Every structure is written in C-alpha cells, then in structure tokens.
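Here is the structure we will look at.
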Amino acid sequence: MSFSQKYHPLPTVDKDAGEQESLQRRDPRKRRSLLVIVVIIIMFTSLPFVHMIRSRGLWGACHGSQRNSSTLAKLPSHYTLPSGDNIPSVALGVWQAGKGEVGNAVKTALTAGYRHIDGAWIYRNEEEVGQALKASSVPREELWLTSKLWNTFHAPEDIETALDQSLSMLGTDYLDLYLIHWPVAFKTGTTILDEDLTADPYPTWQKLEELVDKGKIRNIGISNFNIRRIQNLTANNLKYQPAVNQVELNFWNPQPELLKWSKENGLLLEAYSPLGSDKQVGKSLSVPEVKSIASQLGITPAQVIISWSVQRGTIVLPKSVTPSRIAENLEVFELPQEDFERLEKAATSHTPQRVVNPSAGWKLPFDVFDGQ
Ligand code: A2P
C-alpha cells in the first residue's frame, strides 16, 4: 500500500465532515448525547489505570505533592553496640502478645524478615516464643534474642537460675541481650521492695557481668532507668557499660532530654510502646502531623511513627500479633528532614504522658521515674 493510498484523506474527511455537518444541522441533541456517551466511556476505561497508579504509589510522581515510598531512603537496619555486635533496629515486641497468639506472631515476623525478638521473663510467653523459634528455619546466629531479669531475681544468687529459665524456655544457650527490667528490686520470691538492691544495683550488675564472661549473655543493659539511676549504676567501676536502656518512647512520651543525654553518653535507647501501646495506638495514628506526613509520603501512619523512632537514633520495638501489621511495621523509611522536624516538634510540644508507670501498682514509696 502506497503512502497516498494509506493516508489519502480527502474522500473520508469530506464524507465525515459532511455527515457531521448534517448531523449538527439535523439534530444538536443527538450530538450532545453522543458526546456524553464518549465522555462516560473514557471515564470508565481510565478508572482502572488511575487505580493502578495510585495503588503502586506512582501518583506522587504524576501529582507533585505526594511521593512514593520506593523513592524514600531506608534507615539503618542495625546499630553497633560497644561489644561490636550489630543489633537490628526494628524488633517484634511481644509484651502483651497473649498465649496462643504470640507463637504465630513470631513465625509471621521471621517470615517477614524480622530477626530481633524483644521479650522478657515476666511476659509469661517465652515458652511459646521458643517453640516458634524452634519451628522456624532461621539459624540461631541470625537471630537477636532479648530477655529481661524480673524484679524478684535481682539478688546475685538468684540471677543465673532466672536466666537459665529464660534460656530453657526460649530453647537457646545464650541471649544476645539481657536487661535489668526495672530499677526496682523485690525481695526474693515476693513483691516486697528490697531497698538495698534498689538503691544500689551494682551487685546485680556484677553478676550479669559474670554471666557475660561465662558466655550465657552477649550484652547486658538496663530498662526503665532515668538519668539519675543510670548514673547511680555507672558511677561504679563497671567491667561492661550498659549496652542499651529500654524505655517508653512514643509521640506522647518522647523524652527528648533522656534521648539527648543518652546520645552524648553513648548509650543506645530502645523504644517500647512506640505506638503508644494498645491504650493509645488509635490516638497516635490520628495525630494530624502523622496523618499528613503519611499521606504525602505514601506510607502508613504506623510506618511514620516507627520510622521517626529509628530516625531519632533509637531501636524500636512495635508489638503486633496481626500479620499485615507485623509486615508493615518492619518497613521504615527516612522521613524528609522537614517532616522529621515537624513530627519531633509536635511530639515535644505537649505535656508528656506515660502509658507505663507501675509505681502505684507496686505500692512503691517513690515514683520510679522521679528525677528524670
Ligand atoms: P495488634 O497486636 O492487635 O496488631 P505498641 O507497639 O506501641 O505497644 O502498640 C501495640 C498496639 O498497636 C497493639 O494494640 C497492636 O495491635 C497495635 N498495632 C501494632 N501495629 C499496628 C499498625 N501497624 N497499625 C495499627 N495498629 C497497630
């Protein structure tokens, strides 16, 4: 077919033009209906494409203000501890993960790519966690397991037995990290305050150091210690400095002074209840700044908060037993500096509000966080 044969326009144009002209002349309402039909067809056929563009996060590229999470930089996946060990920056928290659900949560997390499980003897679920670890094909050396020494075992002679219980329930012969759960000691087997070991935790710490040397623990740390209590411990001639301090850190209780002090003193913080725990998670995810950053970046509100936590330089321990949330919470992204600062400002501009403070429940004659 020659060019002129293929593209010769004259006869058809003449015909169509004539037809359109006569259509116009004949019936303008028919022409309008035709137009409406054409517009409807275009709308319906383009809808799936619009949906695809939005769902793949490409909308930002076409639309200016929103971005696509795949264009965001990733945050550090690990921090290096004084021992030289690399601890994963995001863990599955299993506090309040009940019996019958915690095992599946751990299995889901390992499949999703988590390698750090943050537990404790007092959560009363270490056995189920251990069974889930055993059922998984992840080699022990790829896992980071944290447990915590409960208040009633602070007496040096009780510590190894408590540790051995956790090791046996978890099905392992060493822990990557073992923390003094609270700066509060109870007398053995009771809930009565042991004033001496509370005032001076050094004997407890020395025993933990011994267990590091014995190979049963790779790193030791503290939890729920304020600056005054940390200094009370570190004023001693420690063989091993605390590797981390695990504390409540979230939008409602961001603790900027503790964070600043810890950075200046080389102490890594771990953020528990990063979403505000089950009590405040709904409120956290509805914070206007969190919502607007999430929609601009094309990520979820939970991912904004978890990312902010890592970007603040802390380890983060979101708890979930819901498979989709477990996967969601592992994906952290570097927030653009202005968004990070906006969130930091919002978090630190209201009166701090803790979710967790057992002082009254334990009938302590002081507030465990006093002086922070
Ligand atoms: P669930 O375990 O039923 O999935 P925190 O980590 O601050 O302790 O918060 C834990 C609470 O937040 C739990 O109630 C948990 O519910 C919920 N949660 C965890 N991840 C998400 C998420 N990505 N979106 C919404 N809720 C979440």
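When a ligand or atom number is given, it counts from 1 through the structure's own listing order. Quick caveat: nothing in here was measured; it's all calculated off a predicted structure.
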Side chain to side chain contact (heavy atoms under 4.5 Å, CB included) partners for Pro242, two or more places apart: Trp205, Ile222, Leu233, Thr234, Leu238, Leu267
Aromatic ring proximity, centroids under 6.0 angstrom, Trp182 and Phe225: no
N/O contact list for ligand 1, threshold under 3.5 Å:
residue  : atom   : partner : partner atom : Å
ligand 1 : 2 (O)  : Lys319  : NZ           : 2.8
ligand 1 : 2 (O)  : Val321  : N            : 3.0
ligand 1 : 3 (O)  : Arg325  : NH1          : 3.4
ligand 1 : 4 (O)  : Ser320  : OG           : 2.7
ligand 1 : 4 (O)  : Thr322  : OG1          : 2.6
ligand 1 : 4 (O)  : Arg325  : NH1          : 2.8
ligand 1 : 6 (O)  : Lys319  : N            : 2.9
ligand 1 : 7 (O)  : Pro274  : N            : 3.3
ligand 1 : 7 (O)  : Leu275  : N            : 2.7
ligand 1 : 7 (O)  : Gly276  : N            : 3.1
ligand 1 : 7 (O)  : Ser277  : N            : 2.8
ligand 1 : 16 (O) : Arg325  : NH1          : 3.1
ligand 1 : 20 (N) : Asn329  : ND2          : 3.0
ligand 1 : 23 (N) : Glu328  : OE2          : 3.2
ligand 1 : 23 (N) : Asn329  : OD1          : 2.9
ligand 1 : 26 (N) : Arg325  : NE           : 3.4

Flag if over 12 foreign heavy atoms under 6.0 Å of CG, Asn237: no
Does CD in Glu195 sit with more than 12 non-hydrogen atoms of other residues, nucleotides or ligands closer than 6.0 Å? no
Ring centre gap for Trp121 and His181 strictly below 6.0 Å: no
Same cluster for Val321 and Leu275 if Ile/Leu/Val/Met/Phe/Trp/Tyr side chains link at under 4.5 Å? no
